[in-house]
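A quick write-up on the structure given underneath.
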Number of protein chains: 2
Amino acid sequence: MAQARRASERREEALSRERIVDAAIELLDAEGENGLTFRALATRLATGAGALYWYIANKSDLLVAATDAVVSRALGEVVASATPQQAIRSIAVGVFETIDAHPWLGAQLSRAPWRTPMLQIFERIGRQVQALKVPSGAQFTSASALLSYIVSVSIQNAANGRLLEPRVGRADFLEAESTRWRELDAHEYPFTRNVAAQMREHDDRAEFLAGIDLILTGVAAAGS
Amino acid sequence: MAQARRASERREEALSRERIVDAAIELLDAEGENGLTFRALATRLATGAGALYWYIANKSDLLVAATDAVVSRALGEVVASATPQQAIRSIAVGVFETIDAHPWLGAQLSRAPWRTPMLQIFERIGRQVQALKVPSGAQFTSASALLSYIVSVSIQNAANGRLLEPRVGRADFLEAESTRWRELDAHEYPFTRNVAAQMREHDDRAEFLAGIDLILTGVAAAGS
DNA sequence: ACCTGAACACCGTTCAAGT
DNA sequence: ACCTGAACACCGTTCAAGT
């Protein structure tokens, strides 16, 4: 509520909730969820750990604020599309890439699925489901299935991404994993052995979108 | 490697990896992931915290072992079905209910998606995809989409379940949340407001299965 | 009003010392 | 070989004391 003119000449030294949240996002991106400690954050902001508690109730409050900020910025960047199907794919890719860039979002969205970020994504998907002329009684279910798939699979994907040690390239990892699959017990894992080659060639983002298309096919069939 | 006859007359006092893992599962179920500490586990087993490190490398190792044990027991209980579609629904419900009963599984499966438990579920789904006569080039994608949806949405659902304070009943919670939806800003949340009534009546398990059916429809369409 | 930093009550993990 | 429990290096959070 302070004067608006102050906003543009914000000083490096002044502590504020916004500066704390931005610093927290940087720390989370750089060091992961475990890297965000009140001590590290205080050092980065050249203050004491206790000072942060003047603006932030606790660590959970800080993570909620960081999540809200990142998701609403990301949704602002999703652009309009020609068809509802294309629009849903755009939203899906936007969510996928945002969570991939900020993997700590996963735990947050999982922990607080009724909060603003999830509602915002749900609303965006729902409008397109409506545009697809899905019967009104099926709209909630269609939008829910899409939301669940988009958010949950994006979270899983981002978790996978962190498994790779930076040393090993993705191609090497897939090669090794595919070999492991091919060498599984023939009686216990016939199917997995069978698709080992397809696994080696697969692209996570493409598989993610293929899943969206399977659901969109189902949604279209339910409408007719 | 001790004599087999010892197994049946296992004494309460003897520490073993298996006893530690079983106690860890009980602690996780009762107190959640934060309730599992080496001190609490040691107290429960009437020993010192350090003793556990003779059998368990670290906390992560312990969580992996607990996850393997619970998932393989659960998959053992899924029974045969008349059609591949029914079999996939059975596997889905089995995973859904197991994660619901042991919500700490979520974080574990997310953290280690290439380990045995995920492979076991993938294999079970894949065999049914094969039975559906999906063209071999599309089998990996179909099974992956189903696996992703089943595991990820089950995890999300279990997380939701823990949000409710035991005080509030599910019906009251849905009622309150539905009201909140109906009172959202009309310009920002037109769709969400629209489906507020459907949200109030919805059943998580039914919505989960409806999503499976949408994907199965898509999978069937891809095959023809 | 806002900030400091020591203090408290926890963690996971290690390790010398016991049996 | 197996177990004990004190010790170490961390956490999040509180709070008396400062400005």
Side-chain angles (χ1 to χ4, degrees), chain A residues 1-3 6-7 9-28 30-67 104 107-108 111-112 162, chain B residues 1-7 9-28 30-67 104 107-108 111-112 162:
Chain A
M1 281 299 124
Q3 309 89 311
R6 273 291 149 91
E9 53 184 335
R10 199 179 57 198
R11 291 159 63 196
E12 272 293 300
E13 301 83 32
L15 218 46
S16 70
R17 187 174 165 91
E18 198 197 349
R19 276 198 68 215
I20 295 172
V21 170
D22 282 342
I25 293 172
E26 282 171 31
L27 249 178
L28 284 163
E31 315 281 345
E33 193 152 351
N34 287 339
L36 179 65
T37 70
F38 278 80
R39 283 167 182 81
L41 194 54
T43 302
R44 204 183 186 95
L45 291 164
T47 183
L52 304 174
Y53 282 87
W54 190 261
Y55 301 93
I56 307 288
N58 49 46
K59 188 165 181 176
S60 163
D61 177 36
L62 180 57
L63 286 163
V64 165
T67 304
W104 49 271
Q108 280 322 108
R111 210 166 292 162
R162 275 176 302 177
Chain B
M1 279 297 128
Q3 308 89 311
R5 59 185 161 83
R6 274 290 149 91
E9 53 184 337
R10 198 181 58 196
R11 292 159 63 196
E12 270 295 299
E13 300 84 31
L15 220 45
S16 72
R17 188 175 166 90
E18 197 197 349
R19 275 197 68 215
I20 294 172
V21 170
D22 282 342
I25 292 171
E26 283 170 30
L27 248 178
L28 285 162
E31 315 280 344
E33 192 153 351
N34 287 339
L36 179 65
T37 70
F38 279 79
R39 283 168 183 81
L41 195 53
T43 302
R44 204 181 186 95
L45 292 164
T47 183
L52 305 174
Y53 283 87
W54 190 261
Y55 300 93
I56 307 287
N58 50 45
K59 189 166 181 176
S60 163
D61 178 36
L62 180 56
L63 285 163
V64 165
T67 303
W104 50 270
Q108 279 323 108
R111 211 166 291 162
R162 274 176 302 176

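Within every chain, numbering begins at 1; the chains are lettered A, B, ... in the order of the sequence lines, protein sequences first and strands thereafter. Small disclaimer: the values here were computed from a predicted structure and weren't measured.
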Please walk me through it: do B:Leu62 and B:Asn58 pass side chain to side chain contact (heavy atoms under 4.5 Å, CB included)? CA-CA 6 Å; B:Leu62 180 56; B:Asn58 50 45; over 6 Å; no
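For B:Tyr53 and C:dC15, the shortest distance from a side-chain N or O to OP1 or OP2 is not below 4.0 Å. When the side-chain nitrogen and oxygen atoms of B:Trp54 are compared with OP1 and OP2 of D:dC2, one or more of them lie within a distance under 4.0 Å.
Side-chain proximity of A:Thr37 to D:dG12, C:dT13, C:dC3: nearest is D:dG12. When the nucleotides D:dC2, D:dC11, C:dT13 are ranked by their closest atom to the side chain of A:Arg39, D:dC11 comes out on top. Set against D:dC11, C:dC11, D:dC3, the side chain of B:Leu15 has D:dC3 as its closest nucleotide.
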Give the dot-bracket line for DNA chain C from 5' end to 3' end: parentheses for intra-strand Watson-Crick or G-U pairs under 3.5 Å, square brackets for crossings, | for inter-strand pairing, dots for unpaired. ||.|||||...|||||.||
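The separation between A:Arg19 atom CZ and C:dC3 atom P is 10 Å, rounded to whole Å. Between the P atom of D:dA1 and the OH atom of B:Tyr55 lies a distance of 12 Å, rounded to the nearest Å. What separates CG of A:Leu41 from P of D:dC11 is a distance of 13 Å, to the nearest Å.
In this structure, B:Leu36 reaches the sugar-phosphate backbone alone: every heavy-atom distance under 4.0 Å involves primed, P, OP1 or OP2 atoms, never a base.
Of the residues in residues 57-66 of chain B, those placing a heavy atom less than 4.0 Å from an atom of DNA chain C are B:Asn58, B:Lys59, in numerical order.
Salt bridge B:Asp22/B:Arg44: absent, no basic N to carboxylate O contact under 4.0 Å.
Two residues are said to be in side-chain contact when any heavy atoms from C-beta on lie closer than 4.5 Å; A:Leu45 and A:Leu52 meet this criterion.
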